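Beneath this line is the structure, given in structure tokens, with notes to follow.
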Amino acid sequence: MIKKILVANRGEIAIRVMRSCREMGIKSVAVFSEADRTSMHVRFADEAYFIGPSPSNESYLVIDKIIDVAKRSGADAIHPGYGFLSENAEFTERCKEEGIIFIGPSAHAINTMGDKITARKKMQKASVPVVPGTTEPITDLDDAVETIKKIGLPVMVKASAGGGGKGMRLVTEEKNIRSSVNAAKSEAKASFGDDAVYIEKYIDSPHHIEFQVLCDNHGNAIHLFERECSVQRRHQKVVEETPSPIMTDKVRMEMGAHAVAAAKAVNYSGAGTIEFIVDDDLNYYFLEMNTRLQVEHPITERVVGVDLVKEQIKIANNLPLDLKQEDLFQNGHAIEVRIYAEDPDNNFMPNPGKIKHITEPLGLGVRHDGYVYEGYEIPMHYDPMISKLICWAPTRNEAIDRMKRALYAYKITGVKTSIPFLHRIMDVPAFKEGKYNTHFIQDNSKYLDSTKEPKQKVKDVACIAAFVDYLNKYESTNGKSTESSQSLKPWKQYGRKISINRL
Ligand code: MV4
């Protein structure tokens with residue numbers, strides 16, 4: 001049985017993993033770079049080891065360094081979190097060679113799902129619906145033109161080694177086919193060292209809905225229902241919720257069964273996510289599989305009542321799943337928002353810096369997974385995500401109200417954050433009605449773009465002008481009350497007339 005886990009990550013996810021370790025009586029080992037000397041995950045762990053310079057390719061991404069710390073600390077297993085080495089097949093192989101348990105799937109599963117053309121073939125064989133398109137790399141431009149005419153425009157040209165929005169091109173006109181395929185190929189070659197591209201029919205205004213799966217090493221596989229992740233900005237998720245507002249019980253059960261079949265097709269082990277794109281008529285298509293624990297896993301944990309990290313560790317210990325599909329159900333509604341150190345009023349520019357003050361929201365139904373503290377300086381070397389706020393309530397409307405309450409109570413100064421933007425999302429009619437797709441943010445800029453309402457400085461000036469105007473009137477009457485000022489003292493009257501917050 002695993003007694004000590006090296007957490008090959010930083011930030012909120014490192015802490016999240018260590019929390020489950022502690023509950024299970026497992027010791028945790030942190031690794032940290034130069035920029036992370038004062039990071040919270042270092043204090044949270046039972047032991048911590050320095051692994052070099054701040055850039056991740058000189059620290060968190062260096063396989064030899066991670067393996068070396070695992071050996072020196074006597075860790076039996078490595079949890080990779082998300083990002084960094086979490087979907088690196090070479091790393092999982094190295095762990096195996098060194099006799100260290102990698103908490104995650106095999107290199108085979110990572111490689112098969114990592115190559116989108118191979119994954120599409122596998123899914124077709126397993127009768128999982130994929131987007132209509134090609135299952136072989138495009139080698140001949142004339143063939144490409146023929147295929148596209150058959151599928152019908154518009155189409156997407158995608159890099160086989162891509163994913164998460166990288167290396168994609170939309171083709172809307174026949175005359176652009178050749179140049180788009182060529183451009184996609186050279187882009188794919190430059191980004192991934194692999195110029196294989198394939199073609200899919202373009203699904204307009206889709207939903208992004210994903211299913212959480214858990215698979216043990218004894219052939220048992222279950223799904224833990226869906227997460228609706230359509231609120232995205234430049235392929236970055238901003239809000240996630242479960243259940244999906246558009247899902248029906250019938251489609252949910254079908255998609256869940258396909259998600260389990262998809263995972264089984266690659267002999268999956270551990271926690272994984274099957275992504276689908278879904279149109280407004282609830283036609284759904286496999287898009288890709290994420291072979292790791294995901295950022296948005298807490299909403300599933302809250303609604304299904306399962307600690308996913310604990311399950312990952314039990315599976316890594318070769319224990320059979322004790323959860324049964326028929327015993328699982330979705331209880332209530334959970335929403336997660338991601339808080340970034342970014343300025344939403346300045347094109348989401350990263351805003352690293354020192355946290356002057358932080359008050360984290362608390363109370364019924366609120367979970368806050370973070371890592372920053374007062375005086376902490378957010379390094380510029382890593383993802384600017386500060387924390388995740390997860391709210392649960394019996395119904396979706398109550399969960400939204402609770403999220404608004406928690407966002408209102410969440411105070412951070414020193415760095416700009418996306419909190420005001422997230423608050424605005426909760427008030428967008430289409431979000432409240434649950435009628436949104438992946439175009440939500442661009443479609444609702446009139447509600448979301450703060451530059452369309454007066455800036456705080458303008459409000460301040462308006463306030464001062466109103467006060468000066470008042471003083472002028474007061475002084476012109478020699479301190480005697482006028483009709484409008486009546487008998488109130490100036491400050492009192494000012495206070496009643498003008499509430500800064502209401503301006
Ligand atoms: C698509 C698509 C429409 N049709 N594929 C973007 C991320 C990557 N995982 C796949 N993506 C898309 N693939 C076809 N055939 C639209 C998108 C897409 C998208 C998908 C999920 C969530 C947000 C998105 C935003 C823009 C485009």
Side-chain angles (χ1 to χ4, degrees), residues 82-83 87 113-121 123-124 128-135 138 144 147-148 150-172 176-177 180-181 184 187-188 191-192 196-211 226-242 244-247 255 259 262 272-292 294-296 336 338 348 425 430-431 435-445 448:
Y82 51 71
E87 295 181 281
M113 288 304 189
D115 185 87
K116 309 304 162 196
I117 292 174
T118 313
R120 275 168 67 78
K121 273 191 215 156
M123 293 307 108
Q124 277 189 328
V128 176
V130 298
V131 186
T134 57
T135 35
I138 305 302
T147 312
I148 290 171
K150 218 161 60 199
I151 301 170
L153 284 166
V155 297
M156 291 282 246
V157 183
K158 296 185 176 184
S160 189
K166 278 178 279 177
M168 297 190 326
R169 243 157 226 267
L170 175 62
V171 186
T172 52
N176 297 335
I177 294 174
S180 291
V181 171
E187 208 176 289
S191 308
F192 313 109
V197 299
Y198 62 104
I199 293 168
E200 278 182 3
K201 186 173 174 54
Y202 177 65
I203 311 294
D204 194 19
S205 310
H207 288 254
H208 169 135
I209 299 179
E210 58 186 32
F211 274 70
E226 82 279 12
R227 291 185 287 259
E228 167 76 60
C229 306
S230 297
V231 181
Q232 306 201 358
R233 212 191 132 262
R234 300 200 188 144
H235 302 297
Q236 279 266 38
K237 291 168 192 157
V238 177
V239 179
E240 305 100 357
E241 62 175 314
T242 185
S244 164
I246 66 159
M247 195 56 76
M255 289 178 76
T273 299
I274 312 292
E275 278 183 30
F276 294 94
I277 40 177
V278 183
D279 68 19
D280 285 334
D281 300 325
L282 291 186
N283 296 306
Y284 54 88
Y285 310 95
F286 169 89
L287 210 55
E288 48 198 73
M289 179 174 193
N290 298 312
T291 55
R292 59 169 191 277
Q294 287 192 266
V295 175
E296 59 273 25
E336 172 180 279
R338 301 185 185 190
F348 297 85
I425 289 178
F431 184 79
K435 290 185 182 137
Y436 63 86
N437 57 42
T438 47
H439 295 318
F440 173 78
I441 289 179
Q442 68 191 72
D443 286 352
N444 288 283
S445 61
L448 297 172

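Note that ligands are numbered from 1 as they come in the structure, with each ligand's atoms numbered from 1 the same way. Owing to the predicted nature of the structure, the values given are computational and were not obtained by experimental measurement. In this chain, residues are counted from 1 in sequence order.
Protein heavy atom nearest atom 5 (N) of ligand 1, with residue, atom name and distance: K158 NZ, 2.8 Å. Scanning the protein heavy atoms around atom 12 (C) of ligand 1, the nearest turns out to be M168 SD, 3.9 Å. The nearest heavy-atom contact from the protein to atom 7 (C) of ligand 1 is G165 N, 3.3 Å. The protein heavy atom nearest to atom 19 (C) of ligand 1 is T438 CG2, 4.3 Å. Remark: minimum distance from atom 20 (C) of ligand 1 to any protein heavy atom is reached at I277 CG2, 4.1 Å.
Every residue two or more places apart in sequence or in another chain that forms a salt bridge (Lys or Arg N to Asp or Glu O under 4.0 Å) with E296 is listed here: K237, R338. Residues that satisfy the ring-ring contact (aromatic ring centres under 6.0 Å, His included) test with F286, not counting sequence neighbours, are absent from this structure.
Interface atoms of ligand 1 facing E200, defined by a heavy-atom separation under 4.0 Å, are 5 (N), 14 (C), 15 (N). Within ligand 1, the atoms closer than 4.0 Å to a non-hydrogen atom of L287 are 9 (N), 10 (C), numbered from 1 in the order shown. Of all the atoms in ligand 1, the ones that sit under 4.0 Å from a non-hydrogen atom of V131 are 15 (N). If you number the atoms of ligand 1 from 1 as listed, the ones under 4.0 Å from a heavy atom of Y202 come out as 3 (C), 4 (N).
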> What do the steps show when you test Q294 against T273 for side chain to side chain donor-acceptor pair (under 3.5 Å), and what is the final call?
Replying inline: CA-CA 8 Å; Q294 287 192 266; T273 299; 2.5 Å; yes

>> Test salt bridge (charged side-chain N to carboxylate O under 4.0 Å, His left out) on R169 and E187; report intermediate values, then the result.
In response: CA-CA 10 Å; R169 243 157 226 267; E187 208 176 289; 2.6 Å; yes

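One finds a salt bridge joining E87 and R292 here, because a Lys/Arg side-chain nitrogen approaches an Asp/Glu carboxylate oxygen to under 4.0 Å.
Remark: R120 is not positioned above the aromatic ring of Y198, lacking an NZ or CZ atom under 6.0 angstrom from the ring centre and at most 45 degrees off the axis.
Among M156, H439, K201, the residue whose heavy atom lies closest to atom 15 (N) of ligand 1 is K201. The option with the heavy atom closest to atom 18 (C) of ligand 1, from among H208, K116, H235, E288, is H235.
Judged purely by distance below 3.5 Å, without hydrogens or angles, the side chains of T438 and Q232 never pair a donor atom with an acceptor atom. Remark: the S160 side chain and the D115 side chain contain an N/O donor-acceptor pair separated by less than 3.5 Å.
The distance criterion of under 3.5 Å between nitrogen or oxygen atoms is met by I203 with respect to ligand 1.
No part of D204 comes within 4.0 Å of ligand 1, judged by heavy-atom distances.
Looking at E336, E240, H207, E275 one by one, the single match for side chain to side chain contact (heavy atoms under 4.5 Å, CB included) with C229 turns out to be E240.
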